Every structure is written in structure tokens, then in C-alpha cells.
Amino acid sequence: MTPTTCPFCAVGCGLVLDVAAKRVVAVTPDPVHPVSRGQLCAKGWNAGPFLASPERLRQPLLRRNGRLQPAAWSTALAAAAEALAAARAEGGADAVGVIASARATNEDAFAAMKFARAVLGTNNVDHCARVCHAPSVAGLRRTLGSGAMTNPIADLDEADCLFVVGADVTENHTIIGGRILAAHERGIPLVVVDPRRTRLARAADLHVQLRLGTDIALVNGMLHAIFAHGWEDGAYLAARCENVAALQASVADWTPDAAARVTGVTAATIVAAARLYATSRRGWLAYGLGVTQHVSGTETVIALSNLALVTGNVGVIGGGVNPLRGQNNVQGACDMGALPDVYSGYQAVADENARRRFETAWGVALPTAPGRTSLAMQHAAHDGELKALVVIGQDPAVTDPGGRFVARVLERLDCLIVAELFLTETAKLADIVLPAASFAEKDGTFTSTERRVQRVRRALAPPGEARADWQILDALAARLGRPLGFRDAAGIFAEMAALTPSYAGMSYARLEARGGLCWPCPTPTHPGTPRLHVEGCVRGRGRLIPVVHTPPAELPDADYPLQLTTFRLHHQYGSGSMTRRAPLLERENPRGLVWMHASDAARRRIATGAAVRVRSRRGEVTTRAVVSDDVPPGVVAMPYHFAEASPNLVTNDALDPIARMPELKVCAVAVEAC
Ligand code: SF4
């Protein structure tokens, strides 16, 4: 029996793997885990089947004569090293890049960023946070000084009001969703802000069903009402915040009536939401991708931070600004510096002191300028400036916007190297595919959405010749003449902790206890920090930053009269490479679908189950309709787990100018029966 951490969402539930005859024969909840407390959602219970899938990659594949064919590790590594060296020789160090994985361990992510910087000599390293919570990192660092969840999940039990924005929590963070519903049943008021009628929205005291991409107008309207009624926490603002007058002036014109005109929510509802949240003693504010995946994602995060600060809800028990991270280790991959502008612990590559620290530890001069984001790497590949790319455990051909464009640019590379569990859509385009070990086949750590660092333990051997990502990178680095110098996962963690102040007090020995430690944990005796900003914000005073409503980059018109939004299904995860190989999960939603309101469906003579075509200016996708009042008139919604019906064939890649996040949550489309 091996206790470990769930490989799916970032709640970080504890599960136990029961192995017999070299197979996981049962997955059970960890009864003493501090977060999941003996529970798992459907995905967690089904964490076993994909491990034994006959489709697992078991040996390297090399493209010969246009086809991927089995190859020895030595041959595949030599080819990969040769291609990376050739790309560097031709285009310089920035002609290569690395996409790390939010599914893999912290140790794998640290190895990826070290491989990019110390071996390839480039800061071109990024991962899928770019298409989920990069605006949280950017926004909360500006306002509070730390771009992570401020309060622990358990604090929702201490709150007097639960305020959930753009997050389908019962489906995507189910154990948290269950706790929210339980708290609500105990009488805690629940406000849900969401264009869709999610399960949580149906249960809420107040569902604020705003138009897509109008969150800033809503929050500014709420702030106007809060100041107008004297609901702000004046003592807190005076003692702990800066820029109060500027913020107050910036929302002076955002009367609830003005906000109502933009959001489509009544002024009375806006005032009611403001009153419920602001007059509660402690408000636990959580948000998801409905906030971040917009051209105004970073500024919407800032708006929510403004709301929490004005009401005195940062640094207090039961409060906080809490981004619900998506993938199991997306928090950790950010913490590990798998980002183009920072090393581990968010130490800027442009900071000479930080750079010197890493140069001294690694014995190599490091590049000084921030690198390209993952989407910028795609455009550089299109322009011929990026020639080779290493992709670890990500499937950008499915998960990134402009699907056909992504596939085209990946094919255009001189060399695409993919380390994966399965032959994903991205791996199918690769020149070299390297078989990777799963969470159950290696040691390491994941960092959950609440900054909780937890052990992942090897319960069985990888299939065939598969290896941990860090081992693959170490072998490739050795071929390039600069080994990473890693012996085992514990050694990587020790090196990372020595270079990362927020993890400095952690070790595998300390993490052995179930439940792990929350960062920052600066010394070996420090108990960890479940709650941030208690003695004042990490940056000093909480910074209030006026932000203005920016409409979505693409609005409906006569040619494309509907708005498409994307969402995630409870029974699937990411691009579906793991969950779609679990029969009990796959049977629930075996293919992509598009949800549409009855009025829009009737106008087009579309019934549930009908084949439909969804078109945008970027492409089209064929799928099936679900007629439902989960979405309002004028809005259609598609989950993005299904390669055969991917909304990313039509989504917009317009970017948030700060975090470079594409606007995956809204674009204009036409839908017709086919
Ligand atoms: Fe796994 Fe998330 Fe489900 Fe917990 S809530 S079992 S972490 S998928």
C-alpha cells in the first residue's frame, strides 16, 4: 500500500495505491489526509486504469521515412542531442525551447528549467500555466506580493460568506466544491458569479449571471456600492493598504446602474452581492479560469484583489483571494521556475543577485534576458526563429488556442522532441518521442493549489523502458556535454530547496508526514505557512490598483452571432490523455459536445444530440448539441478535453498584454446543424 497524491486536479487529495502482480489493483482515499479527509472524487477513484493501458509508450520512437518507429534509448537520445545542438548552432541558444509539465513533479519541473537555462542556455521555458493562471501570478504579485492562493482550503469552513467567481468548483475541484456545499448547508451565504448556471450557481443564495468578460465592471460596481454605503473596512485600509483614494475615485462613475448596463446583471443584484460579501465578517473569495482566461485576465485578478483588500479580507482567517489552480502541479511548476522570466521561487532572471546565485550553484553563465512564453515560442517557430522544442507532458496541439496553427508550427520545427505517457496529438507530430513514467512510477512532490507540498511515491516500475522526466532530461543533458548532476528525486529537491527561499526549510524527511507543508517554509524548523499576508502583505502594504473594464477582443456580429465559452467536465482532465483511458470516466462523456440555450437551438432547428458545426474566424469544429439552460441565450459552451471536437480549433488567441494569456473563455462563433 503506497500513500501518494492524486495526479489530477490541484486540490491535492491523498490516495493510496494497492499494487499486486506489478499492477495497481485498487485506489482508495487516504483516510487521514488533512484536505481530502477520506474522500476522493470520481477522477481520483479512477487514477489506476490509465497506468496499465496497453497504449502506454514503452520505448522511444524516432521518425524515419515519415513514420515514428521504435528506437533504442541511445539512438533516440543521440538524435535529440544532435538536433538541439544543430538548432543552437544555426540560430543561437534562443532557437531552442522547453515546455515543462504541470502534470509532472516539482523535481521534473526544476530539472526542465535547469535543462533549459544551464544546458541549452536559454530562458525559453514555460508550461501550461500560460493558458490557465499566469494572470493570477502576475496580478496578485502586483497587489499583494505573492501570486498564489492566500488562504488554505480549510478556511472556507471559517468564513461568513463564500464568494466564488468564474469557477465550476463542484466539477473541477470537487472536494472543495463539496466542502463549499456543506458550508452552505450549514447556513453560510454563497454568492456565485458565473455566466453559466453551474451546479454551484443553482445552489447559491445569489447567482450573479453576468455577461462573458464583464467581471471588472461588476467588481467596480460592487466597489462603488461598498464605498457608497460605508461597507469598506476603513481601519484595515488605513493600516494596511495604499492607493485608497485613487481606487475610490476610479469607481466613482461605476454606479450599480452603470455596471448593470455592461454586465447585464441588475443593479439590485450588484448591490446585493456587494452587501453580502462586504458586510460579512470574513469573506472567502475563490476564483477560476472564468476570471483569468481573458484579455483582461490580470486586471480582473487585480479587481478581485481590490475587492478583498477594501473589505479587509486579506491576511485573515476565513478570508483571502484564492485562485483555484487547475492541474495537479501547476502551482509547483510555477514555483519551480518553469517560466521564462523567473527561477524557482519567482526569483527574476533579470535580478543579477538571483542569477549569480544560480550561476554559482550550477557552475555556468546563465542567459540574462527573459525568454519566450509558450505561445511566443509557437509564433517564433512559425517565423523560423525557433527551430527545436522539447515538450514534456503537455499536449499544446489540443490545449492551446488556434489548434490548426499550433499543429502547423509544431510540424514546421526542425525537431520536436516529446516526452509523454501516450502518443498524444502533439506526440504524433514529433520527430522523437520519449516514454515517460507516470506519477505512480516515480518519487517526487506535487504542490497543491493551497501551496501544500506533498510527496508522490513510486508504487510500481514504469512500463517497458519508460523513465521519469528528470531522468530523460539528465540523460539528454549528458549527451549535450553538461549533465544535470541528479542522482535521485530527493537530491533534486535538496538542490531546489537550497536555491529557493520559500522551500528552504523542506526536505523529503519532513514531507514524509501525510499532508506535507505549505510554503513559505524558510527554515528546517518552520511549520509552513497555510495563510499568507497575516502580518501585512508580502510586499508591505496591499496595493489597490484601479482597473477599467476591457471588453472581450471579439464580440458577436451578424456573421458570428453567438459567444463561445469553454469549460471542464467533472469526469475528464486536461486533454483527456489519462482520464479518457479510464472506462468508467470515459463512458460519462465519451466525446466533445456543445451546450446551447433552447432559444438559440430552436432558431436553428437543433435538438439535443444533433450534429452541429461551430465556426469562428479561425476555423470550425463538428460536434453534437446539448440543449440546456446551463447557458444563457447567446452563449454556447464546449469542454476542451476532446481532440476529436476541440474548441481550440475556433478559440481566439488574443492575449492579455500583461500575462500573455490567450482569451480562451470567449470568442464569436456561428453554430449550425450539419
Ligand atoms: Fe483528485 Fe482533484 Fe478529485 Fe481530489 S478533487 S480526487 S485531487 S481530481
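Whatever order the structure lists ligands and atoms in, that order sets their numbers, starting from 1. What you see is a predicted model, and the numbers here were worked out from it, not measured in a lab. In this chain, residues are counted from 1 in sequence order.
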Near [X], which atoms of ligand 1 are under 4.0 Å from a heavy atom of that residue?
{"X": "Cys13", "answer": "4 (Fe), 5 (S), 6 (S), 7 (S)"}
{"X": "Ile175", "answer": "4 (Fe), 5 (S)"}
{"X": "Phe8", "answer": "8 (S)"}
{"X": "Gly44", "answer": "6 (S)"}

- prompt: Do you know the tightest heavy-atom contact between Arg196 and Thr565?
  reply: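 Shortest heavy-atom separation between Arg196 and Thr565 comes out as CD-CG2, 4.4 Å.
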Candidate list Leu206, Val208, Leu285, test side chain to side chain contact (heavy atoms under 4.5 Å, CB included), partner Phe163, passing option: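 Single pass found, and it is Leu285.
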query: Under 4.0 angstrom from ligand 1, any heavy atom of Gly12?
result: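 Flag set, Gly12 near ligand 1.
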message: Below a 4.0 angstrom heavy-atom separation, can you tell me which part of Cys6, side chain or backbone, both or neither, approaches ligand 1?
response: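 Just the side chain.
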- request: Tell me whether the guanidinium CZ or amine NZ of Arg455 lies under 6.0 angstrom from the six-membered ring centre of Tyr508 and within 45° of its axis.
  value: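 Satisfied, under 6.0 Å and within 45°.
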field: Heavy atom of the protein closest to atom 2 (Fe) of ligand 1 (residue, atom name, distance)
entry: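 Sorting protein heavy atoms by distance from atom 2 (Fe) of ligand 1 puts Cys9 SG, 2.2 Å first.
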With a 3.5 Å cut-off and no angle check, do the side chains of [X] and [Y] form a donor-acceptor pair?
{"X": "Thr449", "Y": "Gln331", "value": "no"}
{"X": "Gln454", "Y": "His33", "value": "yes"}
{"X": "Tyr503", "Y": "Thr447", "value": "yes"}

N, O or S atom of Cys41 closer to atom 2 (Fe) of ligand 1 than 2.8 Å: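 It does not; every qualifying atom lies at 2.8 Å or beyond.
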